[in-house]
Amino acid sequence: MPELPEVEYVARQLRKELVGHRIRATVVSWPRSVSGLDPAEFATRMRDRLVDSVDRRGKYLLFALDDGNTLVVHRRMSGNLVLSPPAAADGYIRVAFALDDGRQLLYSDPRKFGRLALLEPGKLAARFAALGPEPLGDEFTPAVLGEQLAGRRRGLKMLLLDQLVVAGLGNIYADEALYRARLHPLRHGSDLTLEEVAALHAAIQGVLRTGIQHGGTTFGRHRDAYDEAGTNLDHLMVYRKTGLSCPHCGTPIQRIVVAQRGTHFCPSCQQLP
DNA sequence: CTATAAACCTGCTGGC
DNA sequence: TGCCAGCAGGTTTATA
């Protein structure tokens, strides 16, 4: 499940590999993977475009093209962007881009949830205007996090998953951040002390940096641009560790369901007041 | 504002 | 061992 670390890691790889290269032919084999455009029109607009830059915003990958438009990719649950040749076809290729040097950029997505869109500058700005702050950016300070949580009666788990509160956290890193900050997932956003907000801020940045450092968390299908699995699974403390001992106190990790999502925490280290 | 649920999909797990 | 129901989760849309 690509979250910020998985997207950031791939963005860094693709920046190195794609900037300065042109896209030649585009083949869309699952039309719904492209949103907002007819697949044939999408292929036409992509033809001979030069990749000027590769960036990330939240869980979105952004490829700035030389005609001023931006290719936006969200991998959702099972999408991967992989450079060929890794024995190429895995049977789930939804979109394939042929590059000017013979390589291919393949979008593989078994569950077909991910989306590729081609956006003009105005639409790009509108799309991301409401998105929350970048948790690893300079603008994300404890005070900013405090503002985002102030007056919110929702639980912390829900708030952290809300991309308008903070951009890029998903189920894995939300659980890990709350564990690291020792905060119960059902604590109300508005109830935190200044110290707790500061701890959560540090925890969010910590778990994300750790994730990037280890190439992301591969639970099943996530692969980087070179088709390699990430190793951050070895560094998770609570996510999908129900019944296993808390690394800090030994209490069995508990699983509850919050907003239809599995939520893992230590009932001893993370208590409700 | 907040909460809840369904829809989009397919691979994998677990219960029998 | 084999089958199949249901789980898994990011986002959008709909409903209350």
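Lettering of chains follows the sequences in order, A, B, ..., and the numbering in each one begins at 1.
The pair A:E196-A:R182 fails the salt-bridge criterion, with no side-chain N (NZ, NE, NH1 or NH2) lying under 4.0 Å from an Asp/Glu carboxylate O. Ion pairing between A:K59 and A:E6 fails under the 4.0 Å rule for side-chain N and carboxylate O.
The separation of B:dA6 from C:dG6, taken at their C1' atoms, amounts to 16 Å, rounded to a whole angstrom. Across C:dC7 and B:dA5, the matching P atoms stand 13 Å from one another, rounded to whole Å.
Closest to the A:R261 side chain, of the nucleotides B:dT2, B:dT10, C:dT11, is C:dT11. Side chain of A:R32, nearest nucleotide from B:dC9, C:dG10, B:dT10: B:dC9. Nearest nucleotide to the side chain of A:Y60, out of C:dT12, B:dG11, C:dG10: C:dT12. Comparing B:dC9, B:dA6, C:dG10 by their closest approach to the side chain of A:Q260 singles out B:dA6. With C:dG10, B:dT10, B:dA3 as the choices, the nucleotide that has an atom nearest any side-chain atom of A:F113 turns out to be C:dG10. The side chain of A:H74 sits closest to C:dG10 out of C:dG10, B:dT10, C:dA8. The side chain of A:R154 lies closest to B:dT2 when the candidates are C:dA8, B:dT10, B:dT2. For A:Q163, the listed nucleotide lying nearest its side chain is C:dT11; candidates were C:dT11, C:dA8, B:dC9. Residue A:K112 places its side chain closer to B:dT10 than to any other of C:dT12, C:dA8, B:dT10. With B:dA3, B:dG11, C:dG10 as the choices, the nucleotide that has an atom nearest any side-chain atom of A:P110 turns out to be B:dG11.
Spacing between atom CZ of A:F219 and atom P of B:dT10 amounts to 23 Å, rounded to whole angstrom units. Distance CG (A:L161) to C1' (C:dT12): 15 Å, rounded to an integer number of Å. Distance, A:R240 CZ to B:dG14 P: 10 Å, rounded to whole Å. When the P atom of B:dG11 is taken as reference, atom OH of A:Y92 falls 4 Å away, rounded to whole Å. Distance A:L159 CG to B:dA3 P: 8 Å, rounded to the nearest Å. Note: CG (A:N80) to P (B:dT10) measures 16 Å, nearest angstrom. Whole-Å rounding puts the A:M77 CE to C:dC7 P distance at 15 Å. One can place NE2 of A:H264 at 8 Å from P of C:dA8, the figure rounded to the nearest angstrom.
Looking at heavy-atom distances under 4.0 Å, A:G114 makes no contact with the nucleic acid at all. Residue A:R115 is classed as having no contact, given no heavy-atom separation below 4.0 Å to the nucleic acid. Note on A:R255: only backbone sugar-phosphate atoms sit closer than 4.0 angstrom, heavy atoms only; bases stay farther off.
Between A:Y239 and A:Y173, the distance separating the two ring centers is not shorter than 6.0 angstrom. Residues A:F140 and A:H201 bring their aromatic ring centres within 6.0 Å.
Mapping A:R221 and A:G151 onto DNA chain B by nearest heavy atom places A:G151 closer to the 5' end of the strand.
Side-chain N/O atoms of A:R76 include none lying less than 4.0 angstrom from OP1 or OP2 on B:dC9. The side chain of A:R94 contributes no N or O atom lying less than 4.0 Å from OP1 or OP2 of B:dC9.
Both the sub-6.0 Å distance and the 45° axial angle are satisfied by A:R240 relative to the ring of A:F219. Seen from the ring of A:Y107, A:R75 does not count as a face-on cation partner, given the 6.0 Å and 45° thresholds.
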